[in-house]
Chemist: 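This structure is in structure tokens; I'll ask about it shortly.
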Amino acid sequence: MDNFKNLRGTVDLLPDQLIKWQNVEKLILEQLFRASVKEIRTPILEMTELFMRGIGEGTDVVSKEMYTFLDRGERSCTLRPEGTASVARALIQNGISTKPSQKLWYMGPMFRYERPQAGRQRQFHQLGVEFIGYESVRSDIEIITLAWDILDKLGIKELNLEINTLGDDIDRSNFQKAFLKWLEVNKNSLDLDSQKRIDKNPLRILDTKNVQTKQILEDAPKLFDFLSKKSLERYINIKEKLKLLKIPFIENSSLVRGLDYYTHTAFEITSGLLGSQATVCGGGRYDNLISQMGGTETPAIGFAIGLERLILLSGKDLEKSRDTDIYIVNKGFNAETLAMDLSRKLRNFDLKTELDVSGASFSKQFKKANKIKSKSIIVIGDDEASKREFVIRLFNNEISEDQQETISIEDNIKLEKWLKSNLLLDLKL
RNA sequence: GCGGGCGUCGCCAAGUGGUUAAGGCAGUGGCUUGUGGCGCCGCUAUUCGGGGGUUCGAAUCCCCUCGCUCGCCCCA
């Protein structure tokens, strides 16, 4: 019989890899805490309609990438392809006012049915941050700098921040009218993909990768020319502030992004080190999403970072884990009982300990302790148990019995003193 | 959904039609039942992703299939 395999596009994260994940997540969480961003957790499963309306039916994500199925009650359910729609839903549904504005983050798995490749999986993980109820230029800047600083804190270099503005819905519909008119005339010069988008999602034609279409588009109307004075000023203001803060960015007028809900600011952070899936962070303003979903008019802006890609970019120093401080070698009925007691006692200290529960020979247990590079060992055998004591010893580079010390089971003071002078001191340095 | 590359042990790999499927790493047992690192000696793929075919004979050739991978589209 064949063994079971994971589904295509999903991966097992194994213990050794998770050290890096945990280190990365820890740094992120600290950064978010310091910026007073609060966590929100929403279900991974939502009704399909939420994403169709929230993200937009014309988008690639909704039209061809969702994991959708009928549950036993014949309801159409979808594994979330992104987090923003769920957060918006949760706020509206729970009557959480955005009057005192909300700064929220979430982290977890997302699902998109695509062909896997480097930096792309069907189940992947995102960290998302949403500032809800904020419309100031400063909130745009703070979102961008927050994303930028998280990447920076992780020591990631060679990043590019690209920004653009999409205007508000009026700007956009004005532009769209003109653009559609132009498209009608030039339809036959476009590549097939772009032609298909004319009805479904014309704005997306703007960031086609087709070289020929790109050239032709140079003569097309520009969204930029349809921005209202207010929208334009807003954008200029953002660029100025980024300059003042010395956040390097490049303007990319074809940056549209694949989700319908964006307005005004759109941005992406990419890295050349990622191969063809270069985007590590994408975000933008979505002032209409919440009202479209039945909430009150609420401006908002957010971003999402792809954790797999982030991990790929993060340095080797985050792969290191702390070595075991004490390995407890024990054998014999009475000894094993004492060892368990001692093991529990040791967990009251900020130490990483491991109790050998294999029952293997002493020699095996020593080998194990050595193999995992334990900094020290405790030995309890029948000899020690009968005297109610144990032997503790630093496991240095050289084998020498001189450093060994015998401590009575009850002598907590001596134990603590030994730990402080041999193990705990190192930690503080 | 569409292209290209690839599938031999947990990992890295030799083998390109002749029969005993090298080797290394890891794992495991022992030398060495209570004191580790080194060393030495064992063990670890009836089988080459799966199925079918060609052949006296296939991991090696052919067909199908599955999977992985890179890229396109798009995104995190």
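A quick note: this is a predicted structure, and the numbers were derived from the prediction, not measured.
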Chemist: Can you tell me how far P in B:rG27 sits from the matching atom in B:rC38, rounded to whole Å?
Modeler: 11 Å
Chemist: Using atom C1' of each nucleotide, how far apart are B:rG10 and B:rU35 to the nearest Å?
Modeler: 31 Å
Chemist: Whole-Å distance between B:rC68 P and A:R122 CZ?
Modeler: 8 Å
Chemist: Return yes if the base of B:rG1 and the side-chain atoms of A:E114 contain a donor-acceptor N/O pair under 3.5 Å, otherwise no.
Modeler: no
Chemist: Between B:rG71, B:rG34, B:rA76, spot the one nearest the side chain of A:E384, thanks.
Modeler: B:rG34
Chemist: In whole angstrom, give me the gap between the C1' atoms of B:rA26 and B:rC64.
Modeler: 36 Å
Chemist: Taking atom P in both B:rA13 and B:rG7, what distance in whole Å separates the two?
Modeler: 10 Å
Chemist: Let me know the distance between CZ of A:F366 and C1' of B:rC38, rounded to the nearest Å.
Modeler: 18 Å
Chemist: Can you confirm whether the side chains of A:D168 and A:T263 place a donor and an acceptor under 3.5 Å from each other?
Modeler: no
Chemist: Select one nucleotide: of B:rA76, B:rG34, B:rC2, the one nearest the side-chain heavy atoms of A:D383.
Modeler: B:rG34
Chemist: Using the closest heavy atom to pick a nucleotide of RNA chain B for each, name whichever of A:K331 or A:Q121 lands nearer the 5' end.
Modeler: A:K331
Chemist: Will you find, in the side chains of A:N164 and A:S253, an N or O donor that is under 3.5 Å from an N or O acceptor?
Modeler: no
Chemist: A:F395 has a side chain; which of B:rU28, B:rG36, B:rC75 sits nearest to it?
Modeler: B:rG36
Chemist: Give a yes/no verdict on base stacking between B:rG34 and A:F362: centres under 5.5 Å, planes within less than 30° of parallel.
Modeler: yes
Chemist: Would you indicate which nucleotide in B:rC73, B:rG34, B:rU69 comes nearest to any side-chain atom of A:Q277?
Modeler: B:rC73
Chemist: Provide the distance between the two P atoms, one in B:rC61 and one in B:rG1, to the nearest whole Å.
Modeler: 29 Å
Chemist: If you check the A:R115 side chain, which of B:rA76, B:rU35, B:rG1 turns out closest?
Modeler: B:rG1
Chemist: Which class fits the ring pair A:Y134 and A:F131: parallel under 30°, tilted 30 to 60°, perpendicular over 60°?
Modeler: tilted
Chemist: Expressed as a whole number of angstroms, how long is the span from A:K64:NZ to B:rC73:P?
Modeler: 10 Å
Chemist: Is it the case that the base of B:rC74 and the side chain of A:R257 share a donor-acceptor contact (distance under 3.5 Å, atom types as modelled)?
Modeler: no
Chemist: Could you tell me whether a side-chain N or O of A:K331 sits under 3.5 Å from a main-chain N or O of A:G359, the two making a donor and an acceptor?
Modeler: yes
Chemist: What I want to check is whether an N or O donor and acceptor connect the side chain of A:R120 with the base of B:rC74 at under 3.5 Å.
Modeler: yes
Chemist: Any strand is fair game: report the nucleotide pairing with B:rU54 by Watson-Crick or G-U wobble, both distances under 3.5 Å, or none.
Modeler: none
Chemist: So what's B:rC72 paired with, Watson-Crick or G-U wobble, going by both distances under 3.5 Å?
Modeler: B:rG1
Chemist: Is it true that A:E39 and A:R41 make a salt bridge, defined as a side-chain N closer than 4.0 Å to a carboxylate O?
Modeler: yes
Chemist: Give me the distance, rounded to whole Å, that separates B:rU8 from B:rC40 when you measure between the C1' atoms they each carry.
Modeler: 30 Å
Chemist: Check the interface with nucleotides 29-32 of chain B: list each N/O to N/O pair with the protein under 3.5 Å, or write none.
Modeler:
{"residue": "B:rG30", "atom": "OP2", "partner": "A:K364", "partner atom": "NZ", "Å": "2.8"}

Chemist: Give the nucleotide from the list B:rU69, B:rG71, B:rG36 with an atom nearest to the side chain of A:S276.
Modeler: B:rG71
Chemist: What is the distance, rounded to the nearest whole Å, between atom CG of A:L312 and atom P of B:rA76?
Modeler: 16 Å
Chemist: Between A:E251 and A:Y235, is there a side-chain donor-acceptor contact under 3.5 Å, judged purely by atom types and distance?
Modeler: yes
Chemist: Between A:K103 and A:E130, is there a salt bridge with N-O shorter than 4.0 Å?
Modeler: no
Chemist: Would you mind classifying the nucleic acid contact of A:G282 as base, sugar-phosphate or nothing, using non-hydrogen atoms under 4.0 angstrom?
Modeler: sugar-phosphate
Chemist: Using OP1 and OP2 only, check whether a side-chain N or O of A:T59 sits under 4.0 Å from B:rC74.
Modeler: no
Chemist: How about A:E57 and A:S63: does a side-chain donor come under 3.5 Å of a side-chain acceptor?
Modeler: no
Chemist: Side chains of A:S374 and A:T324 only: does a donor on one sit below 3.5 Å from an acceptor on the other?
Modeler: no
Chemist: State the pairing partner of B:rU19; accept Watson-Crick or G-U wobble contacts with both distances under 3.5 Å, and report none otherwise.
Modeler: none
Chemist: Which sits closer to the 5' end of RNA chain B, A:D60 or A:V391, going by the nucleotide each is nearest to?
Modeler: A:V391
Chemist: With a 4.0 Å cut-off on heavy atoms, is A:A369 in touch with a base, just the backbone sugar-phosphate, or nothing at all?
Modeler: nothing
Chemist: Quickly work out the A:N370 CG to B:rG36 C1' distance and round it to whole Å.
Modeler: 4 Å
Chemist: Using whole Å, what does the distance between atom P of nucleotide B:rC73 and atom CD of A:Q117 come to?
Modeler: 10 Å
Chemist: Starting from C1' on B:rG67, measure out to CG on A:N6 and report it in whole angstrom.
Modeler: 10 Å
Chemist: Whole angstroms only, please: what is the OH-C1' distance between A:Y262 and B:rC75?
Modeler: 10 Å
Chemist: So, using ring-ring contact (aromatic ring centres under 6.0 Å, His included) as the criterion, who are the partners of A:F69 when residues are at least two apart?
Modeler: none
Chemist: For atom C1', what is the distance between B:rG36 and B:rA76, given to the nearest Å?
Modeler: 46 Å
Chemist: Between B:rG57 and B:rU19, how many Å separate the two C1' atoms, rounded to a whole number?
Modeler: 8 Å
